[in-house]
Amino acid sequence: MFKQVTKQLALQGVRNFSCSKQNNYKVTVCGAAGGIGQPLSLLLKQNPLVSDLALYDIVHTPGVAADLSHIDTQSKTAGFIGAEQLGDSLKGSDVVVIPAGVPRKPGMTRDDLFNVNAGIIRDISNSIAKNCPKALVAIITNPVNTCVPIAAEILKKAGVYDPKRLFGVSTLDVVRARAFIGHALGVDPQQVQIPVIGGHSGVTILPVLSQSQPQFKGNQDAIEKLTVRIQEAGTEVVKAKAGAGSATLSMAYAGARFAGSLLKGLNGEKNVIECSYVQSNITEATFFSTPLVLGKNGLQENLGLPKLNDYEKKLLEAAIPELKKNIQKGIDFANA
Ligand SMILES: NC(=O)c1ccc[n+]([C@@H]2O[C@H](COP(=O)([O-])OP(=O)(O)OC[C@H]3O[C@@H](n4cnc5c(N)ncnc54)[C@H](O)[C@@H]3O)[C@@H](O)[C@H]2O)c1
Ligand SMILES: O=C(O)C[C@H](O)C(=O)O
C-alpha cells in the first residue's frame, strides 16, 4: 500500500513527500490591506521562497490581491475578506505575519492600542490554532510586548503552543539602529551589525551600541542621544505623520526581512540570525528579544544576551519591570 502511494506521488511529480518542502511556502498576511500590510505583501510577492501569498483583512483584500496577482513572480496571490474567510486564509500556511490592528496617533503610547488590538490578536491566534497550528507566527501588531504573550496563552489553551514558533517582530528597531549608525559613521548601513534586545516600546528597546560593528564612535553623550533616538524612533514617525498613522514603509521593509529570514530558516539555510521578541529565560522577563538562530522549526538557538557595558546594564534594569508589566497584562487578558 505504502509503495503504491509512493509510486502514485512520484508520477504526480512529488519526489520525496517525507522531506520538508523547498521554495514552496505559503505565507498569510493578516491585516494585508493596511498601511503596513500592502507594501509588506508587495515585498513578499517578490520573495522566491513564497509559492502562495494569502492576503487577509476585514476590508479591501480582493482588490489588493487582484492588483498584486498581476506581478510577474511565481507566487499565487489570493484575497480573503471578513472573519468568515480567516480560516481559509490560514489553512496550510507555513508563515503567518500579522500587522492587523490600529496604529498610534500623536500623544498615544503603544499600550494605548491594547484595548482594540488585544482582541484582534486573540481572534487571529484562535484561528491559527485551528487552521495552521505548526505555522511560524510573526506579530507586528502593537503593543508587541503584550500581543505576543496574548498569542502564546491562546495557543497554549488550544494545546498547540510551541515557543519556537511564535515571534514578536522587533526588526524595525535593528533596521533603524543600522540606518542611524551607518549615516553617523558615513558607512553603508547594510554593513552595520548591531543587536537590539529587550522589547518593542520606549525604555524596553535596548540598542547594544557597545557591540556595534563597525564600532560606534562617540562620547557618552552621543551614545545616550543615539540610544534615545532609537528608542523613540517610532514616536518620531508618528509625530511627523501628524495623525496619519505610524511607520508603514520602513515596517514593511523590516517585516519582509524578518519573514524572509523565517523562510530561509525553514528552507534549511544556515546561520540565519535575527533579533526577535520570544519566550525567553535569559532575563526575568518571560518574553525578551535577543539574537536568535532561525532554522527548520523556527527558533533553533537563542544566542542570549550580548556583552553589555555598565550603561547598557542600567538600561536593562529599566527595561525589565516595564516588560514584566506588559507581559502580565497580556497573560491576564487571555485568561480573563
Ligand atoms: N512591530 C513594529 O515594529 C510596528 C511598526 C509599525 C507599526 N506597528 C503596528 O502595526 C499595526 C498596523 O499598523 P498599520 O499602520 O498597518 O495600520 P493600518 O490601520 O494602516 O492597517 C491595519 C489593517 O488592519 C486591518 N484590521 C483591523 N482589524 C482587523 C482584524 N480583526 N483582522 C484583520 N485585519 C484587521 C485594518 O482593516 C487595516 O487594513 C499597528 O498596531 C501598529 O502599531 C508595529
Ligand atoms: O511607533 C509606533 O507606534 C509604531 C511602531 O511600533 C514603530 O516603532 O514605528
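First listed ligand is number 1; within each ligand, the first listed atom is number 1.
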Q. Heavy atom of G245 under 4.0 Å from ligand 1?
A. no
Q.
Side chain, backbone, both or neither: which applies to H200 and ligand 1 if a contact is any heavy-atom pair less than 4.0 Å apart?
A. side chain
Q) Near A247, which atoms of ligand 1 are under 4.0 Å from a heavy atom of that residue? A) 6 (C), 7 (C)
Q: State the atoms of ligand 1, each with its element, that fall below the 4.0 Å cut-off from a heavy-atom position in V59.
A: 37 (O)
Q) When only distance counts, is V169 in polar contact with ligand 1, meaning an N/O pair under 3.5 Å? A) yes
Q.
Quick test: of every protein heavy atom, which one is nearest to atom 28 (N) of ligand 1, and how far off is it to 0.1 Å?
A. I120 CD1, 3.4 Å
Q.
Check this for me - ligand 1, L113, N or O atoms closer than 3.5 angstrom, yes or no?
A. no
Q: Would you tell me whether N145 and T204 have side-chain atoms, one donor and one acceptor, within less than 3.5 Å of each other?
A: yes
Q. Short list, please: which atoms of ligand 1 are under 4.0 Å from a heavy atom of V144?
A. 1 (N)
Q) Would K329 and T146 count as having a side-chain donor-acceptor pair, cut-off 3.5 Å? A) no
Q: Sequence neighbours left out, what pairs pass ring-ring contact (aromatic ring centres under 6.0 Å, His included) with at least one residue falling in residues 313-336?
A: F114-F333
Q) Got a second to check how far R104's CZ is from K239's NZ, nearest 0.5 Å? A) 9.5 Å
Q. Should you measure from each heavy atom of A100, which atoms of ligand 1 turn up under 4.0 Å away?
A. 24 (O), 33 (C), 34 (N), 35 (C)
Q: Examine ligand 1 and decide if any of its atoms is less than 4.0 Å from a heavy atom belonging to P99.
A: yes
Q.
Out of all atoms in ligand 1, which are within 4.0 Å of some heavy atom of Y56? Include the element for each.
A. 32 (N), 33 (C)
Q | Contact list for residues 217-267, test ring-ring contact (aromatic ring centres under 6.0 Å, His included), sequence neighbours left out | A | F167-F258
Q | Shortest protein heavy-atom distance from atom 8 (N) of ligand 1, along with the residue and atom involved | A | N142 ND2, 3.4 Å
Q: For atom 41 (O) of ligand 1, state which one of V175, I124, I121, V102 supplies the nearest heavy atom.
A: V102
Q: Can you sort out which atoms of ligand 1 are near N117, meaning under 4.0 Å from one of its heavy atoms?
A: 41 (O)
Q. Considering S89, G101, G82, which one's heavy-atom position lies nearest to atom 24 (O) of ligand 1?
A. G101
Q.
Quick check against the 3.5 Å criterion: does T61 have a side-chain atom that pairs as donor or acceptor with the backbone of F80?
A. yes
Q.
Considering both backbone and side-chain atoms of T141, is one of its nitrogen or oxygen atoms within less than 3.5 Å of a nitrogen or oxygen in ligand 1?
A. no
(Q) Given G31, S127, G35, identify the one with the heavy atom nearest to atom 20 (O) of ligand 1. (A) G35
Q | Any residue meeting side chain to side chain donor-acceptor pair (under 3.5 Å) with E317, in chain and number order, not counting sequence neighbours | A | none
Q: Starting from atom 39 (O) of ligand 1, find the nearest protein heavy-atom neighbour and note its residue, name and distance.
A: D57 OD2, 2.7 Å
Q | Atoms in ligand 1 with a heavy atom of T248 nearer than 4.0 Å | A | 15 (O)
Q: Can you sort out which atoms of ligand 1 are near M251, meaning under 4.0 Å from one of its heavy atoms?
A: 2 (C), 3 (O), 4 (C), 5 (C), 6 (C)
Q) Is there a donor-acceptor pair under 3.5 Å between the side chain of N131 and the backbone N or O of L90? A) no
Q: Could you please provide the protein residues found below 4.0 Å of ligand 2 on a heavy-atom basis, arranged by chain and number?
A: R104, R110, N142, L172, R176, H200, G234, S246, A247
Q: Verify whether one side chain among Y25 and N47 offers a donor that lies under 3.5 Å from an acceptor in the other.
A: no
